[in-house]
Amino acid sequence: MDFKRIEQKWQKFWSSNKVFEPEIKKGKRPFYIQVAYPYPSGAMHIGHARTYTATDVAAKYKMLTGFNVLMPMGWHVSGTPVIAAVEALQKGNEKTIKIFHENARIPKEDFKYLTESPESFVDYMINKAKYGYKAGFKKLGLGIDWRRELKTIDPQYKRFIEWQYKTLASKGYIIKKAYPVRYCPQCKNPVGDHDLSEGEGLGIQEYTLLKFKLDENTYLIAATLRPETVFGQTNLWVRPDIEYAKVKVGAEQWIASKEFFDKYKEQVKDIEKVGTLNGSELVGRQVLAPGIERNIIVLPADFCDPATGTGIVTSVPSDAPIDYIALRELQQNQALAESFGLNYDLLTSIKPIPIIELEGYGNLSAVKICNDLGIKSQSDAEKLEEAKKTVYKLGFHKGIMNSNCNKYAGMQVNKAKELVKKELIEKNQAAIFYELEGKVVCRCGSQCVVRVLEDQWFVKYSDERWKEESKKTLSGMQIVPALFKINYEKVFEWLDDKPCTRSKGLGTNFPFQKELILEPLADSTIYMAYFTIANIIKQVPAEKLEPEVFDYIFLGKGRIAEISKKYGIKKSVLKEMHDSFKYWYPLAYNVSAIELIPNHMSFSIFQHTAIFPPNKRQKGTLNLGMVVLEGKKMSSSKGNVVLINDLCDSIGADFVRFFLMNIVEPWEELNWQQREIEKSFSKLNSFVELLFRNASKAKKGKIKGLNLPEKWFYNRINERINEYVQAMEKMEFRRALQCISFQLLKDFNWYEHRKNKYNKQLMYYFLSNWAVCIAPFMPHLAEELWQKLGNRSSIFFARIPKKLKTDQKISAAESIVANIVDDLNEIKKLAKIDKPKKIYIYVCSEWKRNLFGLLKEKLQIPDQSSAIRIAMSDESIKAKGQYAVNIIKKLLAKWSELREMVPVDEMKILAASKDFLSGLFECDVIVQLEDKVEYDPKSKAKDAMPFKPAIYIE
RNA sequence: GCACGGGUGUCCGAGUGGCCAAAGGAGCAGGGCUUAGGACCCUGCGGCUUAGUGCCUUCCCAGGUUCGAAUCCUGGCCCGUGCACCA
């Protein structure tokens, strides 16, 4: 088949007949489906193609069920990648050149477009790149309304985003606060995972800095992850052999390790080094401990690491194993203690103070676990680490603060932690310090730190009321697949304030601080609304698009006449946009890949909730799974990809679409295996060719006078279509496809096998319905076949039939014949009969059928004694005695299967199929009723059962 | 750490209470076709048995619910994926 010709022919037809350019039609139900617009920076591979194809299938199916369908497309070009790429290409960076030349398949002579400017780069990628997304969409035959095409840097779009953020701000959802980020002091930039050479995935931990008053204005600073344990403090640890720094922080003087201040200076402003002192100078001193307002003693410890925290550690021997062991070791070593000039009696009087009750560990969990694990000294590093982890984890989840913790007594540890921290900070006894979870190194080679960005703008997704309202929106939405709803719910739970501005990148300037750019996940949340007017708004100059204009279009606020006059926009244009939004919204489905659930998809629901009224939000989401190639993750940089362009060229767009939808359901992980594809390609291809060959023999008209096999085929087509519709409604595209492809092929083959005359009308019924059902998946071939069948307009103006009449009895009857064929083959093989001379079929007698009917009606559970009781209530069965009991036993053995069977007249069916069977086996076939047998040399007849006639072959 | 998902025969993978010794494919073995190779077609691939069958042992491990479990529940072991400034 000449795929290329057919594809081009119909793509041209669709565009010149505006098949996928919907107009508002009052009375026709709208269906607006939208798939997350791509960032057009490379070649399109099958992973992308799957997402867009699934959306297209959903859209086309809805067209075929009578909806007015809108599916727009745009380009998300916001952010830094384009700028970074253009800069790298301008500098002649070889790695980047290679990526664009080899992976994105851009010829060298076209690089001039890429290096000219970010705008030119974007334009090339969208409109000229042979392997780009737009080229791919067109090749795949997607039903996109291109009149609405947009880029996120269009001037009108930017005004829309400004309106969006002004609206959010007016509701209090835009806030400004300090924000800790991973930061490279060398590059002077925040770093993401992809900027790192070491430490990817390591996060930021929040330490509490505790201030221990040494004298009037000088404090020793200890860092802790467990501020709630201040109530159990017994002493402070310092390293006697290192030098600590004295630093002015604000009005106070702090003492901590030098390494600490190097990091801390990125997090606070006013910080100034004053001097140094040795740890040993601090040993033995008394300091006023925060939280408990009590003096505690400074003791020496080797485990204090100047590179971790502050190099000073507060000691809570009740709950920190290392503190307990270090204290005990010091207490047991009088000579050492006295070498530091410590009062040994005072030292030995220090005892752990119970503060947390922990089930299974009592109220001194550190002491208990050290005893349990047999930890003797600080040198048991491994065991100490294990002990620490266990106690920390259990304490956090299950610990309860006890009566030594004042007002926190009885509170859970995980609650108390935050409250204690807050109280200490308020009393100026503590501060916050951010520390990386481990070593993080930037690609430039320098070690990263945490920097606190002052005045970062956020979208306040943590807002309780907003969250509640968004959860309500979500609860009314249809999430496909349904089991993902819980994922959304979980995301909504932990979703926190999201930074929304950056200093670099393409996009919309932040309206409240013009030098900043809204970051890409912030300007892609409600653009679906913009699509409804994108084709109209192009004629309005951007500068006229003040917030009031959008307020009118989307929210119906204000008076059209006044707005028209004030901003110089025609009333008719304003009205058209307002009407268009009102018609198309709410969005039926927002579609994207699963990995966007925690951000894009959720943000979109939140922001719709914030901005639009409940009836103008989103009705559902469709979440597409990943595509892997031969079991491995696809990666453009490793060349492990299949590009959609190449694939369409080799097997044709419709077959690509078919396989993308046929391997697994849309939300499941799809493993693309070339060999398997090739195998099923030839199978499917010959099926399609078979159908096309039959098209010339089909004739439109009333179907009448059907014989048994024809009735069966007609009925089977209807059954398949019904199941197809059921599956399509749930977006189970794979199941739907299987019904109307390989399964229907099997049916067709059986029918071909069975039929003895040609029915043109039935063939038309089959082919036309097949074309309509396959059209969402294989639109080009469907159109071609549709035309071959004599239709003039596009198949997408046809309708998929719904709720067709089917008759279980017809299927049941045919399965009797099919089963007989199977059984005959089996017996032939086992009995090693090559050419049967005669076949005898004995249909079970009337009383057995009655017995089955009786049991089917009355038997609740397949229990032998009650079955016999029921059966023996019938005199004619009772008369058969032990033989009847044997039959009952046989029936019960297969009861679960049999109870579903629909009773049919086996005698009549088999008698009617005699010619077929004798033709098939090339011998005489004799069908007799069990109790009227004339010839039964091996006495097989008695084995006849309902739905399973006995057989004798000669 | 938190969240979600998953462990099925040689391999990939379908299967969510009985129709399941478990779809489909790959692979392997035998046969057909062919000068040969490829492609294609047929048969078999847990064990024993059989004129269309019946039985035994199996779906990560251990328990449990049920007349009945690959499928439901509990515990354990193992493996993926995501976790925010990144589009």
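The chains referred to below are lettered A, B, ... by the order of the sequence lines, with proteins before strands, and numbering in each begins at 1.
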Please work out whether the ring planes of F681(A) and F659(A) are parallel, tilted or perpendicular, with thresholds of 30° and 60°.
tilted
Which value, in whole Å, describes the distance between the C1' atoms of nucleotides A29(B) and U10(B)?
13 Å
May I ask you to say what I953(A) touches in the nucleic acid, namely base, sugar-phosphate or nothing, with a heavy-atom cut-off under 4.0 Å?
base
Considering Watson-Crick and G-U wobble pairs with both distances under 3.5 Å, what does U81(B) pair with?
A3(B)
Angle class for the Y461(A)/F606(A) ring planes (parallel below 30°, perpendicular above 60°, tilted otherwise)?
perpendicular
Residue list, ring pair (Phe, Tyr, Trp, His ring centres under 6.0 Å) with Y952(A), at least two apart or on another chain:
none
Considering heavy-atom distances to RNA chain B, does K828(A) or P190(A) have its closest nucleotide positioned more toward the 5' end?
K828(A)
Under-4.0 Å salt bridge between K417(A) and E228(A):
yes
What's P949(A) touching, base or sugar-phosphate or nothing? Going by heavy atoms closer than 4.0 Å.
base
Residue matched to C33(B) through Watson-Crick or wobble contacts both under 3.5 angstrom:
none
Taking any heavy-atom pair under 4.0 Å as a contact, classify P499(A): base, sugar-phosphate, or nothing.
base
Quick one: is A87(B) close enough that its OP1 or OP2 comes under 4.0 Å of any side-chain N or O from T80(A)?
yes
For G24(B), the Watson-Crick or wobble partner whose two distances fall under 3.5 Å:
C12(B)
Hey, does S41(A) reach any base, or is it just sugar-phosphate, or nothing, if we go heavy atoms under 4.0 Å?
nothing
Salt bridge or not between D936(A) and K942(A)? Use side-chain N to carboxylate O under 4.0 Å.
no
So does R502(A) get a side-chain nitrogen or oxygen closer than 4.0 Å to the phosphate oxygens (OP1/OP2) of C86(B)?
yes
Return the set of residues passing side-chain contact (heavy atoms from CB on, under 4.5 Å) with N599(A) (not counting sequence neighbours), or none when no residue passes.
L521(A), L596(A), F603(A)
In whole Å, measure the gap between the C1' atoms of G17(B) and G68(B) for me.
8 Å
Could you work out the separation of A23(B) and U43(B) based on their P atoms and round it to a whole Å?
15 Å
Listing time: all N or O pairs from protein to nucleotides 1-5 of chain B that are below 3.5 Å?
none

Return the pairing partner of C67(B) with a 3.5 Å limit on both distances, Watson-Crick or G-U wobble; otherwise return none.
G18(B)
Between G52(B), A51(B), C86(B), which one does the side chain of D823(A) approach most closely?
G52(B)
Could you label the plane-to-plane angle of the W457(A) and F510(A) rings as parallel, tilted or perpendicular, counting under 30° as parallel and over 60° as perpendicular?
tilted
Under 4.0 angstrom, heavy atoms only, what part of the nucleic acid is D822(A) near: base, sugar-phosphate, or nothing?
nothing
Using Watson-Crick or G-U wobble geometry with both distances below 3.5 Å, tell me the partner of G46(B), or none.
C56(B)
Any base atoms under 4.0 Å from A522(A), or only sugar-phosphate, or nothing? Heavy atoms, all strands.
nothing
